[in-house]
Amino acid sequence: MKTKHILLMFVCGLMSFQTFSSSIFVTTDQVELFSQKDKQLIGNWPQDMLFTADVDNDRWLVVNGYFSAVEWVPINTPTFIKQSNDIQLTADGASLTLDEVEGFISRIGVSIDSSDTQDALSLKQWLDKNYFARWANSVHKRKMQLPHLSDNINESKAEDKEKIQSTFRLASLANNQPLKLSGNKSSVNFSFGTRLDRVVEQATLNLEFIYSPTMVSTQSQVKVYLNNEVAGILPVDPKLAGKIVQKQITLPSYRFREFNNVKFELLGYYETLGEQCFDPNHLGIWFELLSTSKIVLDEHQLPLQNDLSLLPVPFIDARQMSKQLATFVLPQGVNTKFVSAASKIAGWLGVQAEWRGNQFDVLLDQLPKSHAIVFATNKNKPYFLKDYPEIHKPTVVMANHPLYKDYKLLLVLGKDGEQLMTAAEGIAIGHNNLSGQAAHISEIDYNKALLPYQAPLWVNNERPMKFSEFVKDENELKREGAYLSPINVNMHIPADLFIWETRGVPVDLNYRYTPPATPSTSMLNVKINNTLVESFKLTQGDGIWEGGSRLRMPFAKELFSMNSELMLPSFQLGIQNLMQFDFILKDDKNACLNEPSHKFVQIDSNSTLDFSGFEHYAEMPNIASLAYSGLPFTRMADLSETLVILPKNFAEKELELVLTMFARFSAITGYPATKAEILVADKDVSLEDKDIIYINSFSEKLESKPKGLNALIERNSHRLSLTQDLFKDSHQQERQFIDTTEDEVFVSFENENWGNIAIMSEFESPVTSGRSVLSIMSSRKSGLDLVSQVFQDQEKLYLLRGSTVIFHQNKIIHNTVGKKYYTGELPVWSLVRYHLAQRPNLMLAIVLFAVFVVAMIAWRVLRFVSYKRVHGGS
Amino acid sequence: MSYILRFTWLVISNYPYEQLVKKFSIVKSELKKTQCSLIYKPFIIVIWLLNWAFLGNKIEKHSLSIFFQNVCSKYPHIRFHRFSITDLVRIIIQSAYLVLFFSESERSKRIIIQSNNSKFHVYKTIESLVRKLIVEPLRSGILFFSKAGLSQEQNDKRIRFLKIKWLRVTLTILMLGLAFWAIVVPFEPINQLLFSLILWMIALWLRSTPGKLATFVMMLLSILVSSRYIWWRTTNSLNIDDGLGFILGLGLLAAEIYTWLVLVMGYMQTAWPLQRRIVQLPPDYDNWPSVDIYIPTYNEPLKVLIPTVFAAQNIDWPEDKLNVYVLDDGKRENIKNFCSQNNINYITRPDNSYAKAGNLNHALTKTHGEFVAIFDCDHVPVRSFLQMTMGGFIKNKNLALVQTPHHFFSPDPFERNLHVFNEEPNEGELFYGQIQDGNDLWNATFFCGSCAVLRRGPLEEVGGIATETVTEDAHTALKLHRLGYDSSYVNLKQAAGLATESISAHIGQRIRWARGMLQIFRVDNPLFGKGLSFMQRICYSNAMLHFFYGLPRLVFLTAPLTFLLLHTYIIYAPVETIFLYVVPAIFLANLTNSRHQGKYRNTFWAELYESVLAWYIFRPTLVALISPKKGKFNVTEKGGVVNKDYFDWGIGVPYLVLILLNFLGIAFGIWRISFGPESEISTIIMNMVWTVYNLMILGGVMAIITESKQVRVAHRIEYKLPFSICTQDGFVYDAVMNDYSETGIGLKVLSEQKIHFDLGDKVTVVLHRDEIVHSFDTTVKFVSNNTLGVKFDDESLGNLRMLIQVTFSRADAWEIHTMNRDKEIISSRLMSIFKIGIKGYSSLFFYLHSYIKEHLPQLYLVGLYLASYLPKTPRLSNS
């Protein structure tokens with residue numbers, strides 16, 4: 001009886017949650033549907049259809065919903081079923097008995113394992129399994145015969161929807177602009193998107209601001225625009241000037257689009273005395289938003305169509321400006337094939353997320369309340385796919401969440417592990433080519449292997465690159481208006497670019513501008529990572545500089561200074577290198593303009609930047625290049641030369657780390673990491689010619705512990721080698737991208753503790769020279785989260801450098817120990833010169849020796865010649 | 001009226017009125033004495049009164065006139081007796097000068113300093129202190145180490161394995177390969193600094209280590225560091241983004257590469273000066289071959305020719321085998337007469353084709369001697385000439401040419417104008433002292449047109465003296481070498497001649513050489529033709545390349561201006577890096593050359609020599625390079641005089657332009673430092689330092705082209721020779737000769753006591769050479785203590801012939817001039833260059849001054865007028 005009560009409670013709970021007040025029925029035979037009692041047959045329902053209905057008096061059932069593929073679908077048009085023998089009232093709440101339920105279940109052919117004590121397995125799961133399986137069956141047999149009484153499933157009422165509230169600080173949306181308005185007609189923009197699967201119900205701007213008392217109240221105001229239409233006005237009240245003012249503006253929800261733009265424009269005036277000229281740039285005209293200003297969006301989830309062409313939505317939504325969360329669902333007891341498939345999808349998601357960053361949740365045999373990507377093979381399925389019909393081909397299916405209709409599941413399916421990987425690769429490579437609810441991946445055929453360093457987002461070092469290649473839209477190279485913000489050009493330079501003996505990267509720059517009123521103070525400043533490179537005068541002439549100004553993006557700190565470290569690029573080689581073109585066009589101060597003139601500037605998209613001729617060669621170990629460029633693994637953008645070794649008993653945390661790293665690497669390269677090999681630690685694993693990532697699996701291979709290993713964690717025992725590095729001024733190293741100093745182990749330190757710690761260390765592969773091994777280990781599985789978090793957070797990436805990084809809960813420490821080695825290739829000429837240049841002492845010895853020997857030979861030969869000359873032939 | 005005055009005076013003062021009146025009258029009379037212009041008078045009185053008021057009774061002693069004189073002495077350029085408004089300005093300027101920069105006490109101090117020359121003393125003491133504290137210990141340290149270092153004998157043993165040829169070759173290739181990396185590997189600045197410093201220290205240490213091995217190591221290090229510089233310049237420092245800078249930079253680079261090439265080839269050429277010994281002649285006179293001595297002449301005066309002819313006749317050689325020929329292209333009667341009188345063969349020819357070469361070739365057809373010795377008509381041979389040179393011919397039948405050095409007993413224009421005759425090595429010394437000796441090792445001795453013996457057979461085989469080019473001598477030697485004949489060089493001064501007497505003549509001569517060498521380079525390039533060994537090619541090429549120096553030198557003189565004036569970076573690199581590369585290269589090259597050839601040429605002086613000629617030589621060389629047929633033979637004028645000091649404006653003009661440009665560059669540099677961007681300052685300073693150096697070199701050029709007086713027709717030749725003199729009274733004194741000339745002798749009587757001579761005393765001078773004794777009647781023309789100057793009474797030819805026998809013909813007549821020189825100190829050499837430069841500028845100023853005075857009197861007056869505004873140093877006042 002106990003079980004019955006539980007079931008009942010669940011049923012009721014379910015009902016109440018799903019807000020239908022009626023009973024659940026199941027058809028035992030085919031039944032007919034009527035639009036009205038006894039009239040107009042509108043369709044048939046097959047056997048075993050589960051639906052909800054109110055029981056009418058005259059033996060009619062008024063259907064108000066059915067369980068479709070994965071969800072309960074409400075029916076609003078009047079639909080009646082005649083209560084007959086064909087239709088068995090299975091449950092009406094009051095008379096449902098356990099026997100009846102069990103009987104019903106057994107009749108359908110599913111047996112509840114009553115021994116399963118997992119409390120989550122319940123009616124809910126039963127429902128999941130059942131209907132999902134049936135629906136999937138029909139899909140796969142191409143018998144899309146699900147009854148559709150009503151197509152407009154979207155017509156659900158708003159109040160039924162779950163509300164999601166999100167708050168953004170304006171500062172985080174401002175694209176690094178200061179939240180300041182100064183000068184008449186100055187403006188500041190904030191942009192944000194709304195996810196495709198969400199609808200804005202209400203949006204509020206909670207503003208806190210302060211403004212100048214100089215401004216005249218009658219004329220001055222701040223206009224607030226939403227998507228270029230005025231949404232509100234902030235009046236300038238002299239009484240409140242100089243104080244913090246709070247104000248709420250409600251933004252009309254109907255004006256929201258996918259991408260939204262909120263603009264503040266200041267119309268600022270001050271009192272001019274007599275004939276005095278009004279200066280639109282008067283310092284007294286200012287208005288500042290405080291960083292506490294925010295925008296609050298009330299949204300609700302919106303069900304999307306089951307269409308693969310939407311991909312990567314809803315798993316990655318470009319409209320969302322923040323980190324992208326993705327949930328992976330794998331069956332219990334997965335093998336590396338599953339991991340491999342998941343990693344491919346992760347790579348793909350990484351590419352789609354771009355700079356937004358990814359976060360992954362891995363669930364084993366659980367269904368989350370969110371969008372999820374589900375992996376299954378015939379042998380190994382999550383519980384809710386238990387009854388999924390047999391899979392024959394690599395298949396991708398977009399399906400509704402069985403429980404929450406607003407969410408989607410992406411099913412990645414295959415007959416076996418191989419097919420599963422094919423399916424995943426199919427999405428990763430060809431998601432743009434998929435549409436419909438489901439697709440079979442028939443064939444993936446690479447005609448050409450990727451070349452090293454061939455990555456969509458990386459600078460190409462085979463030819464000059466046009467500026468248009470660095471921006472998505474050529475409009476990004478234009479600026480217009482009264483106040484011009486700098487034109488930004490981002491590029492990714494692989495961290496192992498061999499920057500030595502170079503004068504910088506030649507840039508052929510063409511630009512246009514409206515002729516400035518005061519050419520003496522007008523200029524174009526070219527900056528790289530906030531360092532000035534060159535400043536061009538903007539003359540009053542034709543305003544077109546097509547002749548091409550040639551400049552060089554410096555690599556050495558300053559060409560004309562002594563302290564340029566040869567190996568040290570002046571601009572920190574970050575994930576992105578930002579070139580800024582700041583046009584300063586000054587108006588004539590004496591011209592009495594009421595508002596600043598409208599200007600137009602443009603960098604010609606045919607301007608080029610020439611990286612050609614640069615080689616790839618770098619000193620290792622250097623985790624910074626991993627953090628910034630994913631090197632050495634991303635040398636092949638598809639990670640085809642990467643081997644990931646997982647511990648035998650890997651679980652969610654390891655997978656999350658792998659997925660995070662893969663997504664990160666793919667985001668860096670712009671190409672999904674689909675070719676990596678993922679294996680479980682085993683002595684038979686061939687490590688040759690691979691860059692290897694060990695995750696928590698070192699201690700399992702202790703017998704062949706490589707020499708380069710300088711940090712080791714075995715359960716609670718931590719051993720670590722420290723170096724002279726300890727004595728260095730760490731502040732100076734802060735900006736240093738590559739430590740060129742050679743470090744020897746100073747002390748080895750071993751301790752035992754029970755804290756959460758993870759260590760990442762890089763060293764040369766003991767099997768193949770020039771290859772790297774990255775070992776990541778943690779005392780307990782949750783320690784790996786510390787690593788994953790850093791990879792997810794661009795702000796923290798700078799902490800990853802040196803050869804060993806130690807992750808604590810509260811801090812991240814890096815250390816440079818171990819033998820140096822080099823990756824990449826150089827022509828012999830440069831190689832020899834580079835290495836000799838590092839060893840002046842050797843060079844000196846060689847020189848002296850060589851010179852001495854040559855001098856001796858010369859001396860002997862000349863003495864002989866002179867003897868011969870004086871004494872004749874002999 | 002006077003009552004009122006008296007009354008008012010009594011009211012305000014109790015000073016007796018009469019005294020006052022007396023005072024006034026005194027003042028009045030004094031004022032009259034001063035003869036001062038009316039307008040100045042009130043000022044003078046006011047100042048005097050003020051003085052009086054402040055100093056009270058002290059002023060009593062000085063009457064107004066004395067006071068006025070003092071004032072006048074303070075304003076020496078003001079004429080107080082006549083007023084002019086401009087004088088007021090002068091007074092103001094002078095007053096300001098006096099107040100600001102001048103005080104009486106300082107002046108007295110300055111006078112003391114000047115009299116004691118103590119400034120100079122201070123400098124000297126500092127220098128000696130530095131020397132004592134730093135340089136000497138360092139030097140002794142180096143010496144100490146060098147003792148522990150290499151010794152030749154040990155090395156000899158150690159390198160026995162080098163006898164194996166293939167080992168030698170492989171080892172050389174291997175080591176050169178290693179050294180190659182040291183050239184192309186770039187270093188970080190600090191490493192480059194240390195690298196260069198260490199090499200430099202090693203070179204310094206080697207410098208005081210004796211032996212050729214050390215020289216070789218230094219040469220190789222110098223080549224290495226220079227090559228590093230050139231490599232760095234080529235690969236790293238071209239301004240490829242800036243069109244103008246790139247082109248100018250390429251020009252500079254080409255000049256630098258040229259310099260580098262000449263340096264390297266020079267090292268190779270002079271690596272081992274052969275310094276061959278004299279080969280003995282067979283004792284049997286009959287086996288001595290017959291020799292024709294050719295003395296070609298064209299327009300030289302007879303008096304130049306006479307000593308040469310007499311000396312040639314004096315040469316010790318069997319009389320029947322020695323024939324002296326005067327080859328007169330001038331077809332002059334007086335020479336013909338002279339020859340017939342003195343039993344000398346006179347040959348002339350109908351035409352003058354091919355100048356000297358044609359003349360010699362014509363003579364070849366008329367004479368029959370086995371050997372031909374050639375002397376320019378001013379080259380006086382000593383009697384041992386043939387004995388010293390002929391041995392080699394007899395021993396080596398393949399020998400076709402023996403060359404001896406050219407020595408000059410008159411100062412060349414450089415020596416004369418810089419006043420360094422017999423003090424510093426002259427310009428030719430490097431060539432004859434070292435380069436020819438170095439060439440000799442490689443069997444590449446050049447024929448220099450004079451003081452040489454040629455074998456007739458080979459000479460006729462090559463078609464006589466070469467006529468295709470204007471340097472017939474070098475070309476003839478080249479032809480001989482091509483046919484496989486040997487040449488040799490005997491580094492003994494067996495003849496001496498007259499140097500060119502003016503800088504313009506010198507330039508003319510050099511232009512001819514340069515043109516000729518480049519003609520050979522074009523017509524008969526030693527690099528490509530048949531028959532030469534590798535090193536012969538190198539030697540010839542270097543000799544020819546040398547004459548390209550004009551353009552590179554001009555480039556160096558103007559290179560810093562491209563930045564200072566045009567603001568173009570022609571070397572696109574940080575200044576510090578440039579220094580780190582160029583300074584070691586220059587240092588090592590100078591150090592090596594100073595050790596290797598310091599005896600023959602002063603460090604930095606080559607730049608002076610080259611700079612003087614640069615402008616004049618670069619055009620003919622270019623022309624010759626493009627069309628070798630152009631240009632004709634010009635005869636170098638000799639035996640002339642320079643009647644007075646003068647500045648050769650004609651030659652100076654291009655250099656004056658360069659000087660102006662460089663000063664402009666300095667001015668621009670100062671302007672750029674004051675107003676330009678701060679980041680450029682170090683670059684500007686480097687360029688300015690370079691410009692200052694260039695200005696100093698150009699100043700040296702100015703000093704050189706300031707012609708000093710050269711009035712002697714007969715040059716005095718310093719020669720220490722004991723002999724005796726006989727007075728009319730019959731006393732015979734031992735004396736030692738200081739110098740001699742064709743007309744007289746300078747001597748010092750060796751006596752404890754002072755022996756009295758009067759001007760006009762007759763003295764007989766007894767000179768002897770071995771068994772020959774000649775006495776000459778002379779008149780005393782100069783007396784100072786025991787030092788006399790006497791003049792020959794008899795200037796007949798016979799007497800001259802006798803004189804030549806015992807003086808010019810002495811076998812050791814010129815060898816005595818070999819200077820014994822210490823190791824040179826490069827820094828002081830740099831100082832001396834600077835001193836020469838400053839001297840040049842002062843003489844330039846002097847001549848500019850007089851030139852303007854002479855040719856542009858108006859401008860001179862204007863300048864004088866403007867100068868009158870300048871403040872003047874006060875005269876010594878009476879007090």
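What you see is a predicted model, and the numbers here were worked out from it, not measured in a lab. Convention: sequence-line order gives letters A, B, ...; per-chain numbering from 1.
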Trainee: Does B:Asp440 reach the side chain of A:Arg869, with side-chain heavy atoms less than 4.5 Å apart?
Mentor: yes

Trainee: List the atom of B:Arg168, the atom of A:Val861, and the distance in Å for their closest heavy-atom pair.
Mentor: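 Looking at all heavy atoms of both residues, the closest pair is NE-CG2, 3.8 Å.
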
Trainee: Where on B:Ile223 is there a heavy atom nearer than 4.5 Å to chain A: the side chain, the backbone, both, or neither?
Mentor: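 Neither the backbone nor the side chain of B:Ile223 comes within 4.5 Å of chain A.
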
Trainee: Check whether B:Leu178 gets within reach of chain A through its side chain, its backbone, both or neither, counting any heavy atom under 4.5 Å.
Mentor: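 For B:Leu178, heavy atoms of backbone and side chain both lie under 4.5 Å from chain A.
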
Trainee: Is any side-chain heavy atom of B:Leu171 less than 4.5 Å from a side-chain heavy atom of A:Val854?
Mentor: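 A side-chain contact under 4.5 Å is absent here.
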
Trainee: Heavy-atom cut-off 4.5 Å, strictly under: side chain, backbone, both or neither for B:Asn396 against chain A?
Mentor: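 Neither part.
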
Trainee: Quick one: closest heavy-atom pair of B:Phe216 and A:Ala858, and the distance?
Mentor: CE1-C, 3.8 Å

Trainee: With a 4.5 angstrom heavy-atom cut-off, which part of B:Leu441 approaches chain A: side chain, backbone, both or neither?
Mentor: both

Trainee: Give the minimum heavy-atom separation between A:Pro840 and B:Phe195, together with the two atoms involved.
Mentor: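 The pair with the smallest heavy-atom distance is O-CD1, 4.4 Å.
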
Trainee: Looking only at heavy atoms, which two atoms of B:Phe187 and A:Leu836 are closest? And how far apart?
Mentor: CE2-O, 3.9 Å

Trainee: Assess the residue pair B:Trp442 and A:Leu862 against the criterion (side chain to side chain contact (heavy atoms under 4.5 Å, CB included)); give the C-alpha distance rounded to whole Å, side-chain angles, the decisive distance to 0.1 Å, and a yes or no.
Mentor: CA-CA 10 Å; B:Trp442 305 112; A:Leu862 292 188; 3.1 Å; yes

Trainee: Over 60° means perpendicular and under 30° means parallel, so tell me whether A:Trp829 and B:Trp181 are parallel, tilted or perpendicular.
Mentor: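 Judged by the thresholds at 30° and 60°, the geometry between A:Trp829 and B:Trp181 is tilted.
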
Trainee: For the residue pair B:Leu220 and A:Ala855, what are the closest heavy atoms and their distance?
Mentor: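 So the minimum-distance heavy-atom pair works out to CD1-N, 3.5 Å.
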
Trainee: Less than 4.5 Å apart, any side-chain heavy atom of B:Val217 and any of A:Phe852?
Mentor: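 B:Val217 reaches A:Phe852 side chain to side chain.
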
Trainee: Where is the tightest heavy-atom contact between A:Arg833 and B:Val184, given as atom of each residue plus distance?
Mentor: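 Nearest pair, atom of A:Arg833 first, then B:Val184: NE-O, 2.7 Å.
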
Trainee: Count the heavy atoms belonging to other residues, nucleotides or ligands that lie under 6.0 Å from CZ of B:Arg277, then report whether that count exceeds 12.
Mentor: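 Open: at most 12 neighbouring heavy atoms sit under 6.0 Å from CZ of B:Arg277.
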
Trainee: Rounded to the nearest 0.5 Å, how far apart are CZ of A:Arg863 and NZ of B:Lys212?
Mentor: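 Spacing of CZ (A:Arg863) from NZ (B:Lys212) equals 10.5 Å.
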
Trainee: Quick check: are there more than 12 heavy atoms from other residues, nucleotides or ligands sitting under 6.0 Å from CH2 of B:Trp166?
Mentor: no

Trainee: Measure the shortest side-chain to side-chain distance between A:Asn841 and B:Asn191 over non-hydrogen atoms and say whether it is less than 4.5 angstrom.
Mentor: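 They are not in side-chain contact.
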
Trainee: Measure A:Ile846 against the heavy atoms of chain B and call it side chain, backbone, both or neither at under 4.5 Å.
Mentor: side chain

